[in-house]
Structure formats: structure tokens, C-alpha cells
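No hydrogens, no waters, no symmetry mates; every other heavy atom, side chains included, goes into these values.
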Amino acid sequence: MAFPTSPSADTLPAADPAAPGATPAFSPLYQQIKGLILQSLQAGEWKPGEAIPSEMELAARFRVSQGTVRKAIDELAAENLVVRRQGKGTFVSTHAEQHVRYRFLKLVPDSGAPEDQPAERKVLECRRVRASAEVARALQLRTGDAVVQVRRTLSFSGRPTILEDIWLPGNTFKGLTAEQMAGHQGPTYALFELAFGVRMVRAEEKIRAVAADEQQAALLATRTGAPLLSVERLAYTYNDVPMELRRGLYRTDSHHYRNDLS
């Protein structure tokens, strides 16, 4: 794919600033290259875990300097979209990798690391339903569109700790079954990559304290009215396309929510 360049400019002129919805007068060239690489990632040109072309090859492809490509890849690496491996190249990040598999799991045991207590997952239901107005709005669908709804519990050391309700776009996740969800041994997001070609790249969460109702208490083996941490997550794939709405209720008598801020 050819990319227009100027012999001495590091930026490209954008739209007329007087035009409606115009962007700033100049857009950094490396940001343009980053956008093109993101397009290829979204299109599935390079799958999770696969190597992307070298900086030299990408520089030739887009007709820019290696330094420009390197800066674009640096940003993608900082956003956990790609990972550099010394002497091997740059690879599309995958949730199957050990160092990122717990990136989206913030509930950790009071003693030990998350990997010391692997979750035991029990899928209570997995069915296709029509999206409510609230779910449709979150996933940028129309009310009544098909979604896959999953309810499951996650237990640690035999103790039910998390109750989750998950909604996924029906067309994208067509064919997802309870057996698939229960049988996959790795992270759920790795299953989404392998089986449906969807990579979650970022998420937003809302957290509040709630009291367990009778049904929730029964599923979490606690008492009605017990304090729980409610975590609502909206996860996105490339280009900020929402792909999952997840509502979790967490017991915190033996676990805590941890977030590293930087």
C-alpha cells in the first residue's frame, strides 16, 4: 500500500480547519502509519501470536523511514497491541501469553498471585437472546438484535467467588456454546481470539458496592445482603468497537480488587 510522503516533512496536512468536523492542521506521520497498521490488525492480516513484517518491510510498504515505523510500533507496544521479542521480531499480542493473560483480571487472592489459584468455571447458561435497549446501546447494536448471553461462576479453591453475566454481539459470536466456554482451559479472551478472531484490546470498568440478593447469594454461597463488589466492564476490539458487556459480582472476603496505576 503506497503512502504519500514529503522529502522533509514529519507531518502530513489534514483537513481544512474551517471545515465542519475538521481535524487539527497537521497529523504526525507516525500516527498515520500506526492507523494503517491497526487497519491490518483489524482486518486479520496478522493473527494474534503471529509476527508482523519487519520495520524495514513496513517502511518500504508505506514509503516512510524506519524511524517513523519504529515510533508507530513503539506506541502499539505501549498499548499492548503488539509485543517485541529480542532477536525474533514483533508479534501481535495474544491473551494466551502468560504475561498478559491476567491483564483484565483485577481480582486477586489476599495471599499469592492469580496464577497460583486458577479459576474453576461453571457455565450456568449460554443462549441467544434479543438485546435489551441497554445492552444494545452499550454494544452499539439495535434494540432486539441477537446477542449471546452467558452466565457463569468462577470459583477459587472450591469457593464460588465471581458471578458474571456476559453479553456478546450475536453475529460475531455465532455458534458459541456453553461447552466451548466451559471446556476452554485458558483465558476466555484467548478463546475469543482462537474461535472467533476477536481480540479485546482495552476495557472500561465501573465499580460500586452492592448487597447480594437472594439468588446471587445462593450462587455465590454467601448470605443474602452480603457485601459484594459490582464491576461492569465494556471491552473493545480494534478501533474502539465494543465487543463485550460484562457484569461481575465479586466476593471480597478472601480476594481484593487490585489496579496498578501508571
Side-chain angles (χ1 to χ4, degrees), residues 48 79-81 93-97 99-109 114-115 117-127 129 131-141 145 147-156 160-170 172-173 176 178 180-182 184 186-213 216 219-220 227-252 255-262:
E79 295 169 10
N80 295 301
L81 299 180
S93 293
T94 170
H95 289 282
E97 293 180 24
H99 75 285
V100 297
R101 65 189 309 171
Y102 294 103
R103 177 182 164 210
F104 288 89
L105 179 60
K106 300 299 184 181
L107 193 73
V108 298
E115 56 266 31
Q117 298 184 20
E120 306 152 32
R121 287 168 282 196
K122 181 180 180 182
V123 179
L124 305 175
E125 64 178 35
C126 179
R127 60 195 180 109
V129 299
S132 67
E134 184 180 11
V135 170
R137 183 166 53 252
L139 295 176
Q140 296 181 7
L141 303 172
D145 280 356
V147 293
V148 177
Q149 180 178 347
V150 178
R151 169 167 275 203
R152 68 180 184 178
T153 58
L154 283 74
S155 300
F156 299 90
T161 306
I162 303 174
L163 171 63
E164 289 184 326
D165 287 295
I166 300 170
W167 292 267
L168 305 161
T172 304
F173 290 89
L176 178 64
Q180 259 183 312
M181 293 285 289
H184 184 74
T188 299
Y189 286 170
L191 168 65
F192 293 168
E193 288 179 356
L194 293 169
F196 300 96
V198 175
R199 180 164 193 275
M200 304 301 185
V201 299
R202 74 174 189 90
E204 299 171 350
E205 289 187 337
K206 298 177 183 177
I207 303 173
R208 58 172 57 91
V210 299
D213 64 24
Q216 295 162 354
L219 291 171
L220 287 172
L228 301 173
L229 194 63
S230 170
V231 181
E232 179 175 299
R233 176 192 300 171
L234 190 58
Y236 299 82
T237 187
Y238 300 111
N239 291 321
D240 280 344
V241 178
M243 277 290 162
E244 178 201 53
L245 174 63
R246 181 183 300 211
R247 290 175 178 155
L249 293 173
Y250 296 0
R251 285 181 56 170
T252 57
H255 289 67
H256 61 274
Y257 189 94
R258 176 176 176 173
N259 196 14
D260 294 320
L261 304 177
S262 59

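In this structure, the side chains of Leu124 and Lys122 come closer than 4.5 Å at one or more pairs of heavy atoms. The side-chain heavy atoms of Glu164 and Val150, taken from C-beta on, include no pair separated by under 4.5 Å. Residues Phe196 and Gln180 form a side-chain contact, since some pair of their non-hydrogen atoms from C-beta on lies under 4.5 Å apart. Put simply, the side chain of Thr188 reaches to within 4.5 Å of the side chain of Arg121, judged on heavy atoms. Here the side chains of Arg233 and Leu245 are not in contact, with every heavy-atom distance at 4.5 Å or above. By the 4.5 Å heavy-atom criterion applied to side chains, Arg151 and Leu163 are counted as neighbours. Contact annotation: the side chain of Leu234 approaches that of Leu139 to within less than 4.5 Å [non-hydrogen atoms, C-beta and beyond]. Side-chain atoms of Gln149 and Val135, non-hydrogen and from C-beta on, never get closer than 4.5 Å to each other.
Under the rule for a ring pair (Phe, Tyr, Trp, His ring centres under 6.0 Å), Tyr238 has no partner lying at least two apart in sequence or in another chain. Partners of Gln140 according to the side-chain contact (heavy atoms from CB on, under 4.5 Å) rule, which considers only residues two or more places apart in sequence or in another chain, are Pro242. Under the rule for a salt bridge (Lys or Arg N to Asp or Glu O under 4.0 Å), Asp213 has no partner lying at least two apart in sequence or in another chain.
Residue Glu244 holds its CD atom at 7.5 Å from CZ of Phe173, rounded to the nearest 0.5 Å. Here Glu232 contributes atom CD and Asp165 contributes atom CG; the two are 11.0 Å apart, rounded to the nearest 0.5 Å. In this structure, OG1 in Thr161 is found 8.0 Å from CG in Leu220, a value given to the nearest 0.5 Å. The line from CD of Glu205 to CZ of Arg246 is 9.0 Å long, rounded to the nearest 0.5 Å. Between atom CZ of residue Phe156 and atom CD of residue Glu120 there is a gap of 8.5 Å, rounded to the nearest 0.5 Å.
Side-chain atoms of Arg199 come within 3.5 Å of backbone atoms of Ser93 as a donor-acceptor pair (strictly under, hydrogens ignored).
Phe192 and Tyr189 have tilted rings, their planes meeting at an angle from 30° to 60° on a 0 to 90° scale.
Taking all atoms of both residues into account, the shortest heavy-atom contact from Leu219 to Pro160 is O-CB, 3.6 Å.
Between His255 and Tyr250, the distance from one ring center to the other does not fall under 6.0 angstrom.
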Which is it for Asn80 and Arg202 under the side chain to side chain contact (heavy atoms under 4.5 Å, CB included) test, yes or no, and what are the steps along the way? CA-CA 9 Å; Asn80 295 301; Arg202 74 174 189 90; over 6 Å; no

Audit row: Arg251, Leu228, side chain to side chain contact (heavy atoms under 4.5 Å, CB included) steps and yes/no: CA-CA 5 Å; Arg251 285 181 56 170; Leu228 301 173; 3.9 Å; yes

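A side chain to side chain contact (heavy atoms under 4.5 Å, CB included) with Val147 is found for exactly one of Leu141, Leu168, Thr172, namely Leu141.
Lys206 has no carboxylate O lying under 4.0 Å from a charged side-chain N of Glu204, or vice versa, which leaves the two without a salt bridge.
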